[in-house]
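Down below is the structure, laid out as C-alpha cells.
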Amino acid sequence: MLLPSDEAGRGRPVVLLHARPTDRTMWGAHLPLLADAGLRAIALDLPGHGDALVPADREVSPWTDVLDTLDHLGADRFVLAGNSLGALVALQATVTAPERVEGLVLVGYRPHDQPASPRLQAAWNAERTALAAGDLDAAVTAGVEAWTSAGATDDVRAHAARMLRGQLTEQLAHGEPSQAADPLVEGTAGLRTLTVPALVGVGEHDMPDFFEGGEGLARDLGAGETVVIPAAGHLAPLEQPSAFCTLLLDFVRHLPEQ
C-alpha cells in the first residue's frame, strides 16, 4: 500500500510518522522548518489514518507500507521521526530494514505489554464509553484532553480535534484494520542488537506511562537520557513544533554524512 504523503525541501530525507489519534497534517508546521534547514522532510499518513483508507478485509503492516512508499518516493536511506504510534512504526520499520535507517527520533513511546497507569486507563475508558454511546463529540473531547497539555493553545486543540474526529469517524465506519505479525517479536529487547543512532523524547506533561516507556526504550537503544520537551503533552511535536525541530535538527547534524 502506497501511503499519502506531503513533503518539502531537498537533502537528507527525514520521514515524519504521526501519532494514533492524528494524521500527517500534524507535521504541517514542521515541513517548512526542516526544508529551510536543508532537509527533505516527508510526512506520511499511516494506514487507517487521514487519507490512507484501508479496505475492511485488508490486513495491514504499516512498517512495510512506509518502506514501500519511501521506495516509491526514491528515498533509499533516511532518518525516521515518530510520535506515539509513529514511534512504534519507526521501530518496526527499523528492525525490518536496519540498513536503510540512518537515525531514529522517537517521542511518546510505550510498549504494548507495559501495564497502563490509572491516568491512561481512564483516558481509554472515556473514549470507549463515549463511542459506545454514539457520542462522537464526547469521544473527541476526551481525546483532546488526554493527548494535549493543559497549556496547549486553542489552535493546537482545534487541530487535534479535527484529526481525532477524522480518525474516529473512519474507525466507526470501517473498524480497526487487522494487523500483520509484529516484527518486534522479542519486544524492545530485540532492539539491543541495532546500531542505529537514536534520540528518545517525551512531553513534559505526558502520562507516566510514556516516561517509563521512553526510559526503557532509551536503554534498549543505547540512546542516553530521555529528552523532555517542555510545555507539551503526548502530542509534543504538535504542541511545540519549533522545539521538536530544534531537537531533530541537532540530532541530524551529528549523524555521519550520507
Side-chain angles (χ1 to χ4, degrees), residues 3-4 6 16-30 43-54 60 62 65-66 81-92 106-112 114 116-117 119-177 179 201-210 213-214 229 232-241 244:
L3 302 173
D6 294 322
L16 305 169
L17 303 177
H18 61 77
R20 182 194 73 85
T22 69
D23 55 51
R24 74 184 192 275
T25 68
M26 76 168 280
W27 305 110
H30 305 71
L44 302 178
D45 273 338
L46 296 173
H49 298 76
D51 296 323
L53 303 180
V54 177
V60 298
D65 295 333
V66 167
N83 180 201
S84 189
L85 170 64
L88 172 62
V89 174
L91 290 171
Q92 292 167 326
L106 310 171
V107 176
Y109 175 81
R110 166 191 171 274
H112 288 308
Q114 178 181 300
S117 70
R119 184 176 163 192
L120 178 58
Q121 192 63 57
W124 288 342
N125 290 344
E127 181 181 293
R128 290 167 181 161
T129 299
L131 290 177
D135 193 340
L136 182 59
D137 289 340
V140 170
T141 298
V144 171
E145 290 300 316
W147 308 123
T148 63
S149 71
T153 66
D154 290 343
D155 285 345
V156 164
R157 286 173 169 262
H159 190 181
R162 287 194 301 273
M163 292 186 290
L164 182 57
R165 182 178 296 277
Q167 197 269 330
L168 291 177
T169 300
E170 175 68 12
Q171 178 183 323
L172 288 171
H174 302 290
E176 292 276 9
Q179 297 277 330
V202 65
E204 178 185 10
H205 303 301
D206 204 351
M207 301 179 191
D209 310 72
F210 301 99
I229 300 175
H234 187 60
L235 302 178
L238 179 68
E239 289 195 51
Q240 300 296 339
F244 177 79

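- S84 OG to L106 CG: the interatomic distance, rounded to the nearest 0.5 Å, is 11.0 Å.
- Contact annotation: the side chain of L238 approaches that of M163 to within less than 4.5 Å [non-hydrogen atoms, C-beta and beyond].
- Between atom CZ of residue R110 and atom NE2 of residue H112 there is a gap of 7.5 Å, rounded to the nearest 0.5 Å.
- For D135, there are no salt bridge (charged side-chain N to carboxylate O under 4.0 Å, His left out) partners two or more places apart in sequence or in a different chain.
- Side chain of D209 to main chain of S117: a donor-acceptor pair is present (N/O by atom type, distance under 3.5 Å, no hydrogens or angles).
- Without hydrogens or angle criteria, H49 side chain to R20 main chain gives a donor-acceptor distance under 3.5 Å.
- Ring geometry for F244 against W27 counts as tilted: the plane angle lies between 30° and 60°, on a 0 to 90° scale.
- Listed by chain and number, the residues in a side chain to side chain contact (heavy atoms under 4.5 Å, CB included) with A142 are A126 (sequence neighbours excluded).
- Only one option out of D45, L53, L46 pairs with P4 in a side-chain contact (heavy atoms from CB on, under 4.5 Å); it is D45.
- Under the side chain to side chain contact (heavy atoms under 4.5 Å, CB included) criterion, T169 pairs with L136, R165, sequence neighbours left out.
- Under the 4.5 Å side-chain criterion, counting only non-hydrogen atoms from C-beta, L235 is in contact with T22.
- Considering H234, E239, R157 in turn, E239 is the only one that fulfils the side chain to side chain donor-acceptor pair (under 3.5 Å) rule with S149.
- H159 places a side-chain heavy atom less than 4.5 Å from the side chain of T25.
- Side-chain contact between N83 and H18 is absent, with no heavy-atom pair separated by less than 4.5 Å.
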